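Every value quoted in this text rests on a predicted model; they were computed, and no experiment measured them. In each ligand, atom 1 is the first atom listed, and ligand 1 is the first ligand listed.
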Amino acid sequence: MSRPRTPLVAGNWKMHKGPAEARAFAEELLRQVRNDKGEMTKAGGVEVAVFPPFTALPAVAEVLKGTALSYGGQNCHWESKGAFTGEVAPGFLAELGCRYVLVGHSERRFLFGETDETCRKKLRAAVAADIEPVLCCGETLAEREAGRTFEVIERQLRAALAAPPPPASFTIAYEPVWAIGTGRTASPGQAGEAHRFIREWLSRNLSPEAGERTRLLYGGSVKPDNFGELLKQPDVDGALVGGASLDIASFCGIASSATSYLTGLI
Ligand code: PEP
């Protein structure tokens, strides 16, 4: 099954795994997805990335740098340096070889007061440091029940992306807040509808090329047994996985269900 965009399966480890555990996981992940010749067998045709805590990034980078697997930061500041105690500049992530950084994860928005405006600044700063931002968006349960899903997504996209010049390259993760860590997944129809809305918004408000090339990930209780159905939606280009990315078998299971889909096995 050929797809216009390479699917991405990304694991957000949140505040789990210190350096030693993260290194061991990265080594095992490499071992599981590649064969002896270094070819991606279990995850053929799929890009796999992990987002460890900051302190584990150097260990993960030592293992994954130069391989087909990618890694990124869970957050960054928008300035390149300065008196910002506890913050990490996008350039520091670039120096470790990070390909991605998450921007505006709902836990950052709701637990740490991130706003649409700070997301806009972080996204721009990441692009300037040559790191691809993964912008997270999505509605709460109350917003969905009030029929405001598209209004909320549109507000988050507009705030982060609409100011000129349009950022060159980014990924979007649609993560309905009611599905994160709850075991409640959006149905393939709900995910497909939201992703279609996002792609059309990008085409109309940035450019048809941005609509066509931007990868849209679904996030919210993705597991090996529900990911295949989600990926059948034409505008779902992969997953941002929280809980199930902490376990090697379930994370590899999600990557290999994407490969099974691509090779027509499901
Ligand atoms: C997430 O944290 O981005 C996430 C989707 O978590 P979970 O898969 O556990 O719902």
Side-chain angles (χ1 to χ4, degrees), residues 7-17 21-22 25 29 46-54 56-57 60 70-76 98-114 119 122-123 126 132-141 143-144 149 152-153 156-157 160 170-188 190-192 194-195 198 215-231 233 235-258:
L8 171 61
V9 172
N12 171 18
W13 293 352
K14 312 192 187 199
M15 201 170 75
H16 296 282
K17 301 192 192 296
E21 194 186 339
F25 189 105
L29 184 59
V46 178
E47 186 188 344
V48 176
V50 290
F51 290 79
F54 287 138
L57 268 173
V60 168
S70 315
Y71 50 94
Q74 296 175 12
N75 183 27
C76 67
C98 288
R99 174 158 183 200
Y100 300 106
V101 65
L102 301 182
V103 172
H105 188 280
S106 62
E107 285 152 17
R108 301 289 326 161
R109 291 179 191 257
F110 291 110
L111 301 176
F112 300 99
E114 286 198 10
C119 291
K122 289 177 182 208
L123 187 133
E132 181 163 330
V134 178
L135 175 68
C136 303
C137 63
E139 79 288 358
T140 62
L141 186 58
E143 288 163 342
R144 173 163 282 267
T149 298
V152 170
I153 296 173
Q156 291 169 332
L157 296 180
F170 56 88
T171 292
I172 293 184
Y174 167 63
E175 300 208 300
V177 180
W178 48 272
I180 296 181
T182 58
R184 214 180 137 180
T185 318
S187 67
Q190 287 171 320
H195 282 232
I198 294 170
R215 284 192 292 195
L216 309 182
L217 313 182
Y218 167 77
S221 301
V222 171
K223 307 271 182 296
D225 60 358
N226 61 24
F227 184 52
E229 286 304 308
L230 289 159
L231 199 55
Q233 298 294 314
D235 291 305
V236 173
D237 303 312
L240 182 57
V241 187
S245 74
L246 297 173
D247 176 74
I248 195 85
S250 61
F251 190 49
C252 288
I254 291 167
S256 66
S257 76

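For Ser245, there are no side-chain hydrogen bond (donor to acceptor under 3.5 Å, both in side chains) partners at least two apart in sequence or on another chain. With sequence neighbours excluded, the residues satisfying side-chain contact (heavy atoms from CB on, under 4.5 Å) with Phe110 are Ser106, Thr140, Val177.
Note: Leu231 CG to Ile254 CD1 = 11.5 Å, rounded to the nearest 0.5 Å.
Electrostatic pairing of Glu175 and Arg109 does not count as a salt bridge here, judged by no charged N lying under 4.0 Å from a carboxylate O.
When atom types are taken as modelled, the side chain of Lys17 and the backbone of Leu246 share a donor-acceptor pair closer than 3.5 angstrom.
For ligand 1, residues of the protein lying within 4.0 angstrom by heavy-atom distance are Asn12, Lys14, His105, Glu175, Ala179, Ile180, Gly181, Gly219, Gly220, Ser221, Leu240, Val241, Gly242, Gly243.
Note on residues 240-258: no pairs pass salt bridge (charged side-chain N to carboxylate O under 4.0 Å, His left out), not counting sequence neighbours.
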